[in-house]
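Reviewing the structure listed below.
These figures come from a predicted structure and were not determined experimentally. Here is how names work: the chains are called A, B, and so on, in the same order as the sequence lines, proteins then strands, and each is numbered from 1. Below, each value reflects all heavy atoms present in this structure, side chains not excepted, and no hydrogens, waters or symmetry copies.
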Amino acid sequence: MPDNLAKKPPSLAEVLRDSRWTCDLSDAELARVEAGIFERTIAAGHFACRKGEPVEHWLGVIDGLVKVSSDLDSGKTATLTGVPPGGWFGEGSMLKTDPRKYDAVALRESRIAYMRRETFQWLIDHSIGFNRFLLLQLNERLGQFIGLLESERLLDIDTRVARCLASLFNPVLYPGLGRRLAISQAELGYLAGVSRQRINRALKVLAEAGCLSVEYGGISIHDLDRLRRFGG
DNA sequence: TCATTAAATTGTT
DNA sequence: AACAATTTAATGA
C-alpha cells in the first residue's frame with residue numbers, strides 16, 4: 001500500500017466503463033455513446049450548467065465536485081445536492097422540454113462530461129440497463145430529497161452534516177466512489193449550508209462516534225449505516 | 001533524495 | 001472573521 005493513494009486523473013472512458021448504466025452495452029454501443037459525449041473543464045466557482053438555459057446535455061462528474069443548487073429570487077441559494085466523481089445528474093431536465101431549473105456549480109476545478117440529447121434519447125430507446133438506471137436514480141434522489149426536508153428543519157447540525165455526507169456516499173447514485181472522498185471542510189460547508197468551523201466540530205463528533213475519520217483534504221467513511229442513522 | 005518555499009487546509013478562538 | 005499550525009506540492013540543488 002505504498003503509493004496506491006497517488007492520484008490518477010480518471011479518463012472519460014474509465015468513468016463510462018465504471019458507470020452502472022453502461023453494463024449491458026456492447027463495445028460498439030459503448031463507443032457510440034462515448035462519441036456522443038464531450039468533456040469540459042470547469043474552473044472553481046464556475047457553472048457546469050445554468051438555470052434557464054435550454055437543456056441539451058446530461059451531465060456527469062469525471063473529476064472534481066459539483067454543487068446542484070437553486071437560486072431563489074430572494075437572492076438566497078438552496079443547495080439541493082452535491083455530486084462527487086462518478087455521479088450523473090440532470091436526467092430530470094432531459095426528460096422534459098422546459099428550460100433547466102437548477103444551477104450546477106463546480107466547488108473546485110472539475111472535469112464534466114456532457115452527453116448530447118440524441119445520445120441520451122438513443123440510450124432510452126435501446127438500452128434496458130440505462131432505463132433501469134434512470135428509474136433507480138430518480139427513485140433514490142426522491143428519497144434523498146424527502147430526507148432533506150426533515151434535515152432542514154428538524155435536525156441538529158451534526159446530524160445534518162452526517163446526512164449530507166451519507167448522501168455523497170450513496171452507493172446507488174455514486175457506485176464507483178470508494179470509501180474515501182477528497183473534499184475539504186470548506187467545500188462540505190457549502191454543501192451542508194453551515195460554516196466551515198461548524199463542519200470541523202461536526203466531523204469531530206462523527207469521528208468520535210466511529211462513523212468516519214478526518215484526513216487532510218478529505219474524509220474516509222468507516223460505517224455508512226451508522227452515519228445514515230446518526231442522531232435519528 | 002533532500003531542503004526550501006508557497007499554497008491549501010485544518011484547528012481554534 | 002482572524003490567526004497559527006499542519007500538510008501537501010512544487011522547486012531546485
What string of B, S and - do you get for nucleotides 4-11 of chain B 5' to 3' if you count protein non-hydrogen atoms under 4.0 Å?
-> ----BSBB
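For residues 30-40 of chain A, every residue pair satisfying the side chain to side chain donor-acceptor pair (under 3.5 Å) rule, not counting sequence neighbours, is listed here: A/E39-A/R111. Applying the side chain to side chain donor-acceptor pair (under 3.5 Å) test to pairs two or more places apart or on separate chains, those with a residue in residues 123-135 of chain A are A/D24-A/S127, A/W122-A/H126. Contacts classified as ring-ring contact (aromatic ring centres under 6.0 Å, His included) and involving residues 204-228 of chain A (residues at least two apart or in different chains) are not found. Residue pairs satisfying the side chain to side chain donor-acceptor pair (under 3.5 Å) criterion with at least one member in residues 46-62 of chain A, sequence neighbours excluded, are listed as follows: A/W58-A/E91.
Not counting sequence neighbours, A/R201 has no partner by the salt bridge (Lys or Arg N to Asp or Glu O under 4.0 Å) test.
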